Amino acid sequence: MNIMTNNIKLPKQTRLCEDINVMVAGQGGDGSLTIIALLSHALRQRGLELYQTSNIASRIKGGHAAAILRASKTQHGGIGDNLDVLVAFDEEAIINAGPSMSPDGIVIYDISRGPLPEGCLGPDVLVLPVPFSRFAVRDLRRDLFKNGFGFGLVARVLGIEDSEAEDCMRKRFKKLSKAALEANLHALNLGFGIADEFGIKHGDNLIELADAEKSERLSISGNQATALGFLAAGGRFFAGYPITPATEIMDTLSRHASKIGCVVIQAEDELSAVNQAIGASLTGARAMTASSSPGIALMQESISHCGSAEIPLVIVNCQRAGPSTGMPTKTEQSDIGMMTQGGSGDFPCVVLYPGDANECFTIAALATNISQIAQCPVYIALDRSLAQNTATVAPFDLESVKLDKGKLLDEATLKTLDTYKRYAITDDGISPWALPGTPEGMNLVTGNERNEWGQVSTEPENRIAMMDKRARKINAIRDLLPGGVEHGDPRAEIGLLGTGMETGVMGEAWARLEEQGVKTRCHRPRTLSPVLDDTLDFINQCSRIYIIEHSESGQLERLLKGAGCPAEKLRGIRKYDGLPFSPGELTDLILTREAQG
Amino acid sequence: MNIMTNNIKLPKQTRLCEDINVMVAGQGGDGSLTIIALLSHALRQRGLELYQTSNIASRIKGGHAAAILRASKTQHGGIGDNLDVLVAFDEEAIINAGPSMSPDGIVIYDISRGPLPEGCLGPDVLVLPVPFSRFAVRDLRRDLFKNGFGFGLVARVLGIEDSEAEDCMRKRFKKLSKAALEANLHALNLGFGIADEFGIKHGDNLIELADAEKSERLSISGNQATALGFLAAGGRFFAGYPITPATEIMDTLSRHASKIGCVVIQAEDELSAVNQAIGASLTGARAMTASSSPGIALMQESISHCGSAEIPLVIVNCQRAGPSTGMPTKTEQSDIGMMTQGGSGDFPCVVLYPGDANECFTIAALATNISQIAQCPVYIALDRSLAQNTATVAPFDLESVKLDKGKLLDEATLKTLDTYKRYAITDDGISPWALPGTPEGMNLVTGNERNEWGQVSTEPENRIAMMDKRARKINAIRDLLPGGVEHGDPRAEIGLLGTGMETGVMGEAWARLEEQGVKTRCHRPRTLSPVLDDTLDFINQCSRIYIIEHSESGQLERLLKGAGCPAEKLRGIRKYDGLPFSPGELTDLILTREAQG
Amino acid sequence: MTTTFTPKDPVWCSGCGHYGVRGALVNALSELDIPAHETFLLAGIGCSGSIQNNVNAYGYHSMHGRVLPTAIGAAIANPDLTVIAAGGDGDGYAIGMGHFAHAIHRNASVLYILMNNAAYGLTKGQDSPTSELAQVAGHSPALDGMSMGLSIPGATFLARGFTRWSDQLNGLLIQGLEHVRAKKGFAFLEVLSPCVTYNDTYPDWDAQMYNVDEDPDFSCTDRGIAFQTIERLRSEGRIASGLIHQGEQSAFEANWIKEGLCPANLEAHEPQKNLDTLHDIMTSYST
Amino acid sequence: MTTTFTPKDPVWCSGCGHYGVRGALVNALSELDIPAHETFLLAGIGCSGSIQNNVNAYGYHSMHGRVLPTAIGAAIANPDLTVIAAGGDGDGYAIGMGHFAHAIHRNASVLYILMNNAAYGLTKGQDSPTSELAQVAGHSPALDGMSMGLSIPGATFLARGFTRWSDQLNGLLIQGLEHVRAKKGFAFLEVLSPCVTYNDTYPDWDAQMYNVDEDPDFSCTDRGIAFQTIERLRSEGRIASGLIHQGEQSAFEANWIKEGLCPANLEAHEPQKNLDTLHDIMTSYST
Ligand SMILES: Cc1ncc(C[n+]2csc(CCOP(=O)(O)OP(=O)(O)O)c2C)c(N)n1
Ligand SMILES: Cc1ncc(C[n+]2csc(CCOP(=O)(O)OP(=O)(O)O)c2C)c(N)n1
Ligand code: SF4
Ligand code: SF4
Ligand SMILES: [Mg+2]
Ligand SMILES: [Mg+2]
């Protein structure tokens, strides 16, 4: 094949790896995802847990795109500090990823578009230059086959057996025509050939991956898991409008809708979407909408209306980096203020924040129940990382999902009543609820202040009674709300607190701090509105708490202070460049702040 | 005239009054406002300060309506505890206002529609029953003339000379036809006749009003004053959509627009209104929009966009009682969370809160300047009370309004520059700004994250630089922001803190507490975002602070806690029945809490 | 019998056109024997937006301008209901314009009654998009909901009535109800319903109305002819009233019904019953 | 010369119709010699919504669906600018539908270029209101912006072009620009601009386009004829292209200009100069 294999010095020893990070990067059209997908397949066979993310500009074609795969013995819920292997289809990939390369990392570089840019890689990084693209076009008449080459070479580097690699490819491409599959397999073999030329023969792998016991796993994103949780809890109506990074929820539901019975509508805008969901909810259908930050901002009037009129609704907010259009493909947690306080007026509203795909499932199911139990809006807060990144997780406990429709009245019960008042003042603040279509349950639902019959009223005493009634609802469901997840030394003085996308990285930072002798304890709230007592207790018990969040102004910290936490104890660790924390970065930030005293 | 004057015992002594509260109430069509207007005129002649409010259901005709006038030697900025005089055109008026009657109050009751309802009035309340309506129809062939009667009788009660009363009527009705005016004057004289029959002869008034020195005054509402402040500061573009209680801002601007040069557009909805204002602002026009709570909720995406794209915009929020449609004609302060945190993402946003019409003027002018100086959204927060109630205030200091366009570049300056970057990173975070139409200043404005040229960028370092730049703007304008207004004993341990509609009543409560030996000090923040240091200092200096606000959940209190104030010092005094505090009510609430320790 | 709310008397000014709309609606519902509990009346915000308080049915008061998506959501979720949306010209043609066009386009079986008084009644008389002169905004000719409806492919029922022409109005309401109950799609009925307090258009409209139902040259199945007739009448200062258009187009909810996804609300969606399906869905993510 | 931003090369997929729109726009601006700094190009959000980055003019990137009110605000505040709004079919016909109808109705002098690819390009290919089949939502025939435009009284300029018919497109753009520069009101130009990645309609549209400019029976001044022609063509599976309608109606901003209220932005509004007027206004509240 004639590649430049001189000057390449292979390391003498195979490096053992329990935890590996691989990036494939290039232009949008380069199909970097294909290599990652093939690799995922192969590494899952080893029983490794996978976490996968991508880094794509909000443009269609062109634009730099990178896919990153982490494979490790346990699920870390995020990517690692450094890249062990980089497959770079262009210069930009080297420039962007260079600083993240592990000192003894391996770079496979496609020199078809130009020579390796200078000064981007450390001295000990091993570079394997291959003109993939040129070869692919020359030998196989299509640029895309370079992924086959690439995978072949990477497989050899990682010690994936040739036959295993071939197997992965057959499975992945099983829907392709036979000819196309053959061409890809040919490319794969050419990739092995390249490896041979570099001296990486079959069995001579540079990296030796750990083996783990293979347990049953789903490979699923937060968006997909949220959609499934909704379906599992009897979710039957979804209306949405496309928007990055929330669209996959609509896509996922559409894909499965007809199997299980769920109406999925692409509305003309977010206002229509949220109000279609409200309409469905009024008839008793379990309804949800989803969007991302600017779309959720647009829904604020309607969400406040659900709070007032006491209409069940689940709203998923896949937060992007804001404000406004901001960076649609980048991650942030900067809508906490909006979700907890964005509407007009005072009304009960629940905000739940899962930490991984499994929790997305359970929390989506729970939110669906709570919305009907408390007859109020319930947010599921995701951030782009949680929403779109894929991880291997244990299968969901489908059996555990129970349906709770709250105080929904059926015809028979209604008939036993003397009077039925839609907004009856009750001890727990929740009024029994009758659906259009039910005989003897006729009622008026309104966003105006109203009396118990639902008739508009501005009478001051009624007003107070109604406001108090609505406010009480939060206490009525408090026990159902998911508490914080804690770990670490319960006597530690230092607390770490973060939610959503901080889940994994906080855990890794905790372990590293522990290794360095810094004892900490972690708390991850899963309910942000209301702020629960266990969160306040945690803060009370620590002497200083690092609030780890993706918001420049510290919205989570402000929320906690607003709930009564003492400002002087809280220390913000904030990131707002659109990227997640890496474990090392977070650890160092905490250590630095600790050193500052 | 044959009215039932037997059983009526007039008090022997004329009551002296420095501060009088008069209500006229009846069905929507009864024209209660007319009597109040005539009375206002007469009382102003005495040099009294006036405060006027109304209590109207959001329905067109029918529905109970009450107008209340307070006249006093100094401006209290709110109504008093009790009604001294009530003119009641129906039973409902008695039922509603009964509890508020002063023990020795006077009720003039129209018995045309039925007898005085039992048990609503205290034993010492003097009731003068008159079948106004029947008389008006019988003697003058029109029900509306009953206002003439009513005014005649009230005038006698209050010792307004007959000629003075006539004079008021001539001035008020100067636009009427001669015949109509004569008919009204005739009704007035019949009113005097009724007074005669009751034994209230000319000069025998029951209440003796204090005289004060008459100084120059405007009688103006917060909405009107806000509109004028905007015009004074060169406001030249307004787009809005009708909504209670914000519509008067559009109305006021429309009325004066052509005199001074201001475009006023009624848009097809709030989304259009706010974006039309954005479009105008992009060309350098000083632009404003106004709405009330649900309409502002609808604008959240656009307001967040102004924060991101760095577009000057003034937004007036005339808060109603929420949530959702809530009670459009009732007052509340429950959008503080939305205004300070309602948008998506983190962005600089200023929230100003005036306390009376004069401050509405100055703050509207200031907001208009600040929006262009900081190139960001600036809210003017009003509440229904402040927005719609009319008070006499000193004339505005028009000369003091100076125009500051901030870093707006003109053609000449632009030409001296080597390069011009719309989003240049600067020390103060504010980038010089060139308008479409200016040669050599071409630029791109966007709500996406962007580089200094305005070109979309998600590059992490650029992102951080841009977020930091925008955040710095708030510090750049900090000195321009109106600080808190304080009064009371600077050594007092007890603080009272409230804003907007609480201004007047907090002052009155302070005085009463002082009388009762309870020393307090007051702080009224006028800037809610950012929370200013003087507010934090005030809270630090007190040992306990009553946060007086119209929000069930205590949004102002939460804001302060979020800004770092210690939760244990703050005590919420909250009202959410749609009505303002009365001075006595507020005083008692504080005393009770103090007693509880 | 369980006592529930008693429909109140309207709060409208005496003489308000909206009384006529309410009367005709109550009449049509009883004429067609539609059980009150199967009727779901949703209204926008405005004077018009209180009609649900005055009719014996399940009622809902939406946000300003949002009644159509809500009604569509309800109609799809439970096609057994007779879903009626009502609102004003501000509600439907100003803030709700986008939903209006899309509702016609979608063609879900909802009857939409737009009470057009060429004014914003509740907010005290501002001009609406159907006012000839826009108060603060320079003049532009009034929008015409029938012309707009005709311009949207997929429209299946477009009609205009007038509160003073109660026979025609009753008839149109009945036809509209029949249309939606037969699941033929969206029925749009604009009723000219004067605001006697702020914009008393009775004298004008009395003179301007033109009954196309009685015009033998008119065709309610030919969009071109209907469009031209309206245009011509308008140029003569007249307003077309009657059944403007009837077309065929499968109803929006038909899809979901066909796939057995409706009614979404009533389905006995015990998750247990779906465990197998859910399991299959979940395992499609297995790795 | 002050260095300002350099328009970037578009980020569109190769073959995207939007290149054709940009080319025609750049061409028309230069043909009419419109100075770049007097041109204000506002765009919505979508692939189409990045066109302002690629043209030598002042540029603004609005929120999704809001470009029209923004453009109208700018055009009224400063009528000396040539204001051009651009966006996609999702931007204009879905989320922006309400503003679209009202923009035509208002008739402010803004050129609106809607790049219709019957798809949501940027969000990866979902159906738009002009797609024949709505992916997840049951089918309904495509909306037609020309029919809708014709149905709105006050429309003064309606046209449709096609990126493959560049001569006609160039001509329509020039006519549209002339219309707004002559302050005749709103010029609406829909350009069929295929999304080759998600919905390559080139083959279909190549076959379907019909040039009304060359049809002697067509009249762009008679709304009825124009409406019927479009309807007829649609029923034959064809799409009308060309100048669809030209009408007379005073422009929205004319009002403000007449009253001397424009340009609002440039007026030397030193408050000092207005002190007397302000004083008069204030004293109208004196008591
Ligand atoms: C978001 C929002 N904007 C504005 C309002 C105020 N508002 C209430 S009703 C109404 C218009 C009423 O006019 P129309 O719909 O024609 O009904 P009508 O009163 O004439 O029957 C407006 C603007 C509101 N309630 N909500
Ligand atoms: C409020 C809001 N909702 C949704 C989106 C996501 N979004 C961006 S572009 C777009 C549609 C793009 O389609 P179109 O306007 O037809 O433009 P094209 O990409 O086809 O040129 C959507 C839904 C958004 N940016 N903002
Ligand atoms: S204001 Fe007009 S629309 Fe409203 S009730 Fe009165 S007459 Fe009817
Ligand atoms: S996705 Fe479609 S619309 Fe977007 S750039 Fe590519 S071809 Fe053009
Ligand atoms: Mg109306
Ligand atoms: Mg498109």
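Proteins get letters first, then strands, A, B, ... in listed order; numbering begins at 1 in each. Everything quoted here is computed from the prediction, not taken from an experiment.
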- Message: Can you list everything that forms a side-chain hydrogen bond (donor to acceptor under 3.5 Å, both in side chains) with Ser272(B)? Sequence neighbours excluded, please.
- Response: Glu268(B), Gln276(B)
- Any side-chain heavy atom of Ser308(B) within less than 4.5 Å of one from Arg450(B)? yes
- Residue among Ile281(D), Thr6(D), Thr283(D), Thr82(D) with most heavy-atom pairs under 4.5 Å to chain B: Ile281(D)
- Message: Taking every non-hydrogen pair under 4.5 Å, which of Asn443(B), Leu228(B), Asp269(B) racks up the most with chain D?
- Response: Asn443(B)
- Query: Less than 4.5 Å apart, any side-chain heavy atom of Ile265(B) and any of Phe237(B)?
  - Reply: yes
- Interface residue of largest heavy-atom contact number with chain D, from Leu271(B), Asn451(B), Leu417(B), under 4.5 Å: Leu271(B)
- Between Ile278(B), Leu282(B), Val274(B), Leu50(B), which residue shows the highest count of heavy-atom pairs closer than 4.5 Å to chain D? Leu282(B)
- Item | Interatomic distance, Asp404(B) atom CG to Asn369(B) atom CG [nearest 0.5 angstrom] | 5.5 Å
- Item | Largest heavy-atom contact set with chain D, pairs under 4.5 Å, which of Val456(B), Thr438(B), Thr446(B) | Thr438(B)
- Among His279(D), Gln52(D), Arg66(D), the residue with the most heavy-atom pairs under 4.5 Å to chain B is Arg66(D)
- Message: Side chains of Glu248(B) and Gln388(B) only: does a donor on one sit below 3.5 Å from an acceptor on the other?
- Response: yes
- Point-to-point distance, once rounded to the nearest 0.5 Å, from CG of Leu43(B) to CG of Leu48(B): 6.0 Å
- Message: If I measure from the heavy atoms of chain D, does Arg217(B) come under 4.5 Å with its side chain, its backbone, both, or neither?
- Response: both
- Message: Using heavy-atom distances under 4.5 Å, tell me whether Ser50(D) contacts chain B through its side chain, its backbone, both, or neither.
- Response: neither
- Task: With a 4.5 angstrom heavy-atom cut-off, could you sort out which part of Asn56(D) is near chain B: side chain, backbone, both or neither?
- Result: both
- Message: Out of Ala267(B), Ala365(B), Ala277(B), Ser281(B), return the one with the most heavy atom pairs under 4.5 angstrom to chain D.
- Response: Ala267(B)
- Under 4.5 Å from a heavy atom of chain B, the part of Ala57(D) involved: backbone
- Query: Can the ring centres of His305(B) and Tyr60(D) be said to be less than 6.0 Å apart?
  - Reply: yes
- Side-chain ion pair, Arg255(B) and Asp251(B), N-O less than 4.0 Å: no
- Item | Heavy-atom contacts under 4.5 Å, residues 87-99 of chain D to chain B | Gly98(D), His99(D)
- Electrostatic pair Arg422(B):Glu452(B) at N-O distance under 4.0 angstrom: no
- Query: Relative to chain D, which segment of Gln224(B) carries a heavy atom at a distance below 4.5 Å: side chain, backbone, both, or neither?
  - Reply: side chain
- Task: For Phe5(D), check ring pair (Phe, Tyr, Trp, His ring centres under 6.0 Å) against everything at least two apart and list the hits.
- Result: none
- Message: I want to know whether Tyr285(D) and His256(B) have ring centres closer than 6.0 Å.
- Response: yes
- Can the ring centres of Phe186(D) and Phe252(D) be said to be less than 6.0 Å apart? no
- Tell me, side chain or backbone of Thr39(D) under 4.5 Å from chain B's heavy atoms, or both, or neither? neither
- Contact summary for Ala434(B) and Gly441(B), nearest pair of heavy atoms: CB-O, 3.7 Å
- Query: Which residues, numbered in order, of residues 389-396 of chain B come under 4.5 angstrom of chain D by heavy-atom distance?
  - Reply: Thr392(B), Pro395(B), Phe396(B)
- Query: For Ser286(D), is it the side chain, the backbone, both, or neither that has a heavy atom closer than 4.5 Å to a heavy atom of chain B?
  - Reply: both
- Side chains of Glu253(D) and Ser109(D): do they bring a donor and an acceptor to under 3.5 Å? yes
- Message: For the aromatic rings, using the six-membered ring if either is Trp, is the centroid distance between Trp453(B) and Tyr423(B) under 6.0 Å?
- Response: no
- Task: Using a strict 4.0 Å threshold on nitrogen-to-oxygen distance, state whether Lys214(B) and Glu49(B) make a salt bridge.
- Result: no
